[in-house]
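Keep in mind that the numbers below use all heavy atoms, side chains included, and drop hydrogens, waters and symmetry copies.
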Amino acid sequence: MSGKKVAFGAKPKQTPTADDWVEKRETPEDENKPKMKRLTIDIPEDLHRQIKAECAMRGSKIADEVRELLLQKYGKA
């Protein structure tokens with residue numbers, strides 16, 4: 001065996017999570033908007049396909065439509 005030296009660097013930083021990204025993403029236009037939190041839900045594939053197809057036909061995003069439905073159900077924030 002040779003006297004080979006191995007150097008170890010600093011411990012790598014923790015990989016950011018989706019919540020970290022949501023909380024830190026800001027643009028100047030966002031100053032008056034409320035802070036956002038990510039919500040993840042599981043839905044059946046066929047329901048997802050139907051929602052995705054209808055949103056595509058309307059030119060809207062699934063997240064925007066789901067957000068609007070939640071606001072209708074639980075009130076404006």
A.B. asks: Using the rule that Ile, Leu, Val, Met, Phe, Trp and Tyr join whenever any side-chain heavy atoms are under 4.5 Å apart, tell me whether Y74 and I41 fall into a single cluster.
C.D. replies: yes

A.B. asks: Assigning hydrophobic clusters by single linkage (Ile, Leu, Val, Met, Phe, Trp, Tyr; side-chain heavy-atom cutoff under 4.5 Å), is I62 placed with I43?
C.D. replies: yes

A.B. asks: Using side-chain heavy atoms (C-beta onward) and a distance below 4.5 Å, is Q72 in contact with L69?
C.D. replies: yes

A.B. asks: Give the intermediate values and the outcome of side-chain contact (heavy atoms from CB on, under 4.5 Å) for residues L39 and V66.
C.D. replies: CA-CA 11 Å; L39 173 66; V66 170; 5.9 Å; no

A.B. asks: Thinking salt bridges, do R67 and D64 make one under a 4.0 Å N-O criterion?
C.D. replies: yes

A.B. asks: Above 12 or not: heavy atoms from other molecules or residues under 6.0 Å from CD of E45?
C.D. replies: no

A.B. asks: If hydrophobic clusters are built from ILVMFWY residues whose side chains come within less than 4.5 Å, do L70 and L47 share one?
C.D. replies: yes

A.B. asks: Does a side-chain N-to-carboxylate-O contact under 4.0 Å join K61 and E65?
C.D. replies: no

